[in-house]
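Right, one structure below, let's go through it.
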Amino acid sequence: MATQVRLIHMAEPLSPPRLLPSGDAAITVEFSRTIDDAANRRVLALDRVISAEPIAGITETVPTYRSLLVHYDPVQISFDALGEQLLAHAAKALPTETGTRRWRIPVSYGGEHGIDLEDVAKTLKTTPDEIVARHVAGDYRVAMIGFTPGWSYLSGLEAFLHMPRRKDPRLLTPAGTISIGGIQTGVQCLAGPSGWHLLGRTPVRTYQLHRDPTFLLEPGDAITFTAIDAKTFAEQDRAAEAGAIVAELVTP
Amino acid sequence: MSKLVVASIGPASSVQDGGRPGSQRYGLTPSGAMDRLSLAAANTLVGNVPLAAAIEIGPFGATFTARGGGVRVGLAGAPRNADIGGRPVAFDSSATLAEGETLNLGFARGGSFSYLAIEHGIEGEPMFGSLAVNARAGLGSPYPRPLQSGDELKTQAASTAPERRIELPAATDAPIRIVFGPQDDEFAEDNKKLFLDSEWKISATSDRMGYRLEGPVIKHLDGHNIVSDGTVNGSIQVPGNGQPIVLMPDRGTSGGYPKIATVITADFGRFAQISAGRPFRFKAVTMAEAQAEAIKFHALLRSLPDRLRGIEDFGLNIEALSDANVAGQAVSAVDASTWQVAVP
């Protein structure tokens, strides 16, 4: 397979991001106010440029759907000086897909692993099999990781599967839950509250202490899902518990 | 091997240090002490590095017993009545528990969190470079949860160094300073003014993730759902009910409510110490002022070793007395000048 290189061609130069103060030790570099795939690619591109050409004083960066949160040490650099350098970096941060890693993540859909699958099918006036087929056919990207360790928010959910979140969020949903909410789908690592619709579970731990790597996915990684049965889930879950990655790295 | 055994402890008490920044891009919150200056002061008192792991003690009382040898502790943060086996102990000073002695700490007075640092530090297995407890993520050492009675914190035997006290800047009730943003444009000017002009109280339902504020309803211009973006310590989110939530060290790394303002670095610990129900106000400052204050705060943290003093103001120093007697000097328990230890 040929290396994927796709530049987003623009008729006009990219508009500069907005620099929003998040206190005296962080700047939010905002590319859009809405969930927007093009903006998310620019967020990830700026993150890569900062990683390749570090700016003294930056302590860490946190990519999200529409903005990059840049933590810095105000003893080392001021808001104004850092803002100027971030705008210069953003101007040369071209969104590309060069070198994107792609993971295939096994999912046991429906039944006890995906208690909302049948209701989702009813709401969307189709069958559970159709929902699974569409979810598995998707080509997703990690837009951001947040909320709790390893909770990966994916962009690329097809419009047919867009659904408002539950009116009553659940206080506890299982580790490894694969769910849909709004226009997003997600891979949840730890058990915790969620207002999304639960389609299935993966044995993959996107975060596991004492494993190398501790965090499996990076913002920007490409993701596809593959359906497995409950028996395979049980086997792979034991392997993952013991430290196996289980997810398949399709392209490095 | 000495250890400090938790004989009794209230909720909201855990081992904390400088936290584990660096993995927020993976959803891992930094955690760490609510009030860094007090953590650093407690550690400095016993010769530890400023942000070493110590016990963060919530508003209720606690008792600790030394086993296997003497344990020296440094106490800072919210002051409390304190004694070791009936011997009064002052806050912002060090003290030593002999084997079998118990340190009794009362309720926090004028604050929420006290810090008990242990000379030589607490033994544990760092996770992402930190012992700080983050119960939701199952992180922290020696226990990945708040402390309970019976827990044991292992350390090395107390040294024979003299006890110290530390001179800290006087406490202040000044308003908590904020800079507006990142989403203050989601609020009309009159609501930003209402935020600044009103008295606020911290709700009793607050925790290490967030402090819920009670006061007037702050209205959004255009709904309360925004696309999630990154958060910092001190982010002031306004959810749909208009009652702000200030995000604390165990916050989610991203949040989907508009953030009207952010508490400045220099005031964050002071804000964390405000007791539930006690009225306070916010004050807006410019970014230049906030950054100048952050630099001053950093300098204050660095100056802590220079602020150490001898213990002479706090009555009898039993250990110094005993050391002096052992050395064969004539000392008088009522004339401190005969046994005081000179400290630069």
Side-chain angles (χ1 to χ4, degrees), chain A residues 18-30 32-36 39 43 47 59-71 73-80 83 143-153 182 189-192 206-207 209-210 213-219, chain B residues 21-30 125 127-128 134 136-139 144 177-186 225-236 252-256 259 261-266 268 285-299 302:
Chain A
R18 296 205 304 160
L19 300 177
L20 309 175
S22 279
D24 51 53
I27 297 183
T28 302
V29 185
E30 186 187 80
S32 168
R33 300 180 78 134
T34 55
I35 293 188
D36 171 344
V43 169
D47 190 47
T59 53
E60 68 179 302
T61 56
V62 186
T64 66
Y65 275 112
R66 62 199 180 108
S67 60
L68 185 70
L69 180 62
V70 178
H71 291 268
D73 176 3
V75 175
Q76 290 187 56
I77 192 165
S78 71
F79 177 87
D80 291 340
M144 64 177 274
I145 304 175
F147 188 51
T148 56
W151 216 124
S152 305
Y153 295 77
C189 185
L190 304 178
T206 53
Y207 157 67
L209 265 182
H210 309 303
T214 305
F215 295 101
L216 194 63
L217 306 181
E218 287 283 341
Chain B
S23 296
Q24 296 186 72
R25 61 192 290 111
Y26 302 114
L28 181 63
T29 193
E125 184 200 350
M127 297 166 179
F128 304 94
N134 171 355
R136 282 191 316 150
L139 296 177
R177 291 167 292 181
I178 56 108
V179 286
F180 276 114
Q183 281 104 24
D184 54 313
D185 57 355
E186 298 273 346
N225 280 307
I226 59 165
V227 179
S228 285
D229 69 354
T231 66
V232 301
N233 286 352
S235 291
I236 307 175
T253 52
S254 56
K259 295 174 276 294
T262 313
V263 176
I264 71 170
T265 303
F268 182 75
V285 295
T286 64
M287 178 60 76
E289 286 173 282
Q291 298 206 311
E293 288 300 313
I295 290 166
K296 271 163 65 181
F297 182 72
H298 183 76
R302 287 178 60 108

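Order of the sequence lines sets the chain letters (A, B, ...), proteins ahead of strands, with each chain counted from 1. Worth knowing before you read on, the calculation uses all heavy atoms, side chains too, and leaves out hydrogens, waters and symmetry mates. Owing to the predicted nature of the structure, the values given are computational and were not obtained by experimental measurement.
- B:Pro21 has its side chain within reach of A:Glu60: a pair of non-hydrogen atoms, C-beta onward, lies under 4.5 Å apart.
- Between atom CZ of residue A:Phe215 and atom CG of residue B:Leu28 there is a gap of 4.5 Å, rounded to the nearest 0.5 Å.
- Of the two parts of A:Thr28, only the side chain, counted from C-beta on, holds a non-hydrogen atom closer than 4.5 Å to a non-hydrogen atom of chain B.
- With a threshold of 4.5 angstrom between heavy atoms, A:Leu190 approaches chain B through side-chain atoms but not through N, CA, C or O.
- Proximity to chain A (any heavy atom under 4.5 Å) is restricted, for B:Phe128, to the side chain, taken from C-beta onward.
- Contact count versus chain B (heavy atoms, under 4.5 Å) is highest, among A:Trp151, A:Tyr207, A:Tyr153, for A:Tyr207.
- Of the residues considered (A:Leu217, A:Asp73, A:Asp47), A:Asp47 shows the highest number of contacts with chain B, using heavy-atom pairs under 4.5 Å.
- If you tally non-hydrogen atom pairs under 4.5 Å between each of B:Thr29, B:Thr231, B:Val285 and chain A, the highest count goes to B:Thr231.
- Between chain B and the options A:Leu209, A:Thr206, A:Thr59, the largest number of non-hydrogen pairs under 4.5 Å is found for A:Leu209.
- Between the side chain of B:Gln291 and the backbone N or O of A:Asp24, at least one donor-acceptor pair lies under 3.5 Å.
- Using a 4.5 Å cut-off between heavy atoms, B:Glu289 makes no contact with chain A at all.
- Between chain B and the residues A:Met144, A:His71, A:His210, A:Arg18, the largest count of heavy-atom pairs under 4.5 Å involves A:His71.
- Not counting sequence neighbours, A:Tyr65 has no partner by the ring pair (Phe, Tyr, Trp, His ring centres under 6.0 Å) test.
- Between chain B and the options A:Ala25, A:Ser32, A:Pro63, heavy-atom pairs under 4.5 Å are most frequent for A:Pro63.
- Judged purely by distance below 3.5 Å, without hydrogens or angles, the side chains of A:Thr64 and B:Asp229 never pair a donor atom with an acceptor atom.
- Of the atoms belonging to A:Ile145, heavy atoms from both backbone and side chain fall under 4.5 Å from chain B.
- For B:Phe297, the ring pair (Phe, Tyr, Trp, His ring centres under 6.0 Å) criterion is met by no residue, not counting sequence neighbours.
- Of the listed residues (B:Pro182, B:Gly255, B:Ala290), the one with the most heavy-atom contacts under 4.5 Å to chain A is B:Pro182.
- Ion pair B:Asp185/A:Arg33 flagged as a salt bridge, since at least one NZ, NE, NH1 or NH2 atom sits closer than 4.0 Å to an Asp/Glu carboxylate oxygen.
- The candidate with the highest count of non-hydrogen atom pairs below 4.5 Å against chain B, out of A:Gly146, A:Pro74, A:Pro21, A:Ala26, is A:Pro21.
- Put simply, the side chain of A:Val29 reaches to within 4.5 Å of the side chain of A:Val70, judged on heavy atoms.
- Scanning both residues, A:Pro149 and A:Cys189, for their nearest heavy atoms gives O-CB, 3.5 Å.
- For B:Ile236, no part lies under 4.5 angstrom from a heavy atom of chain A.
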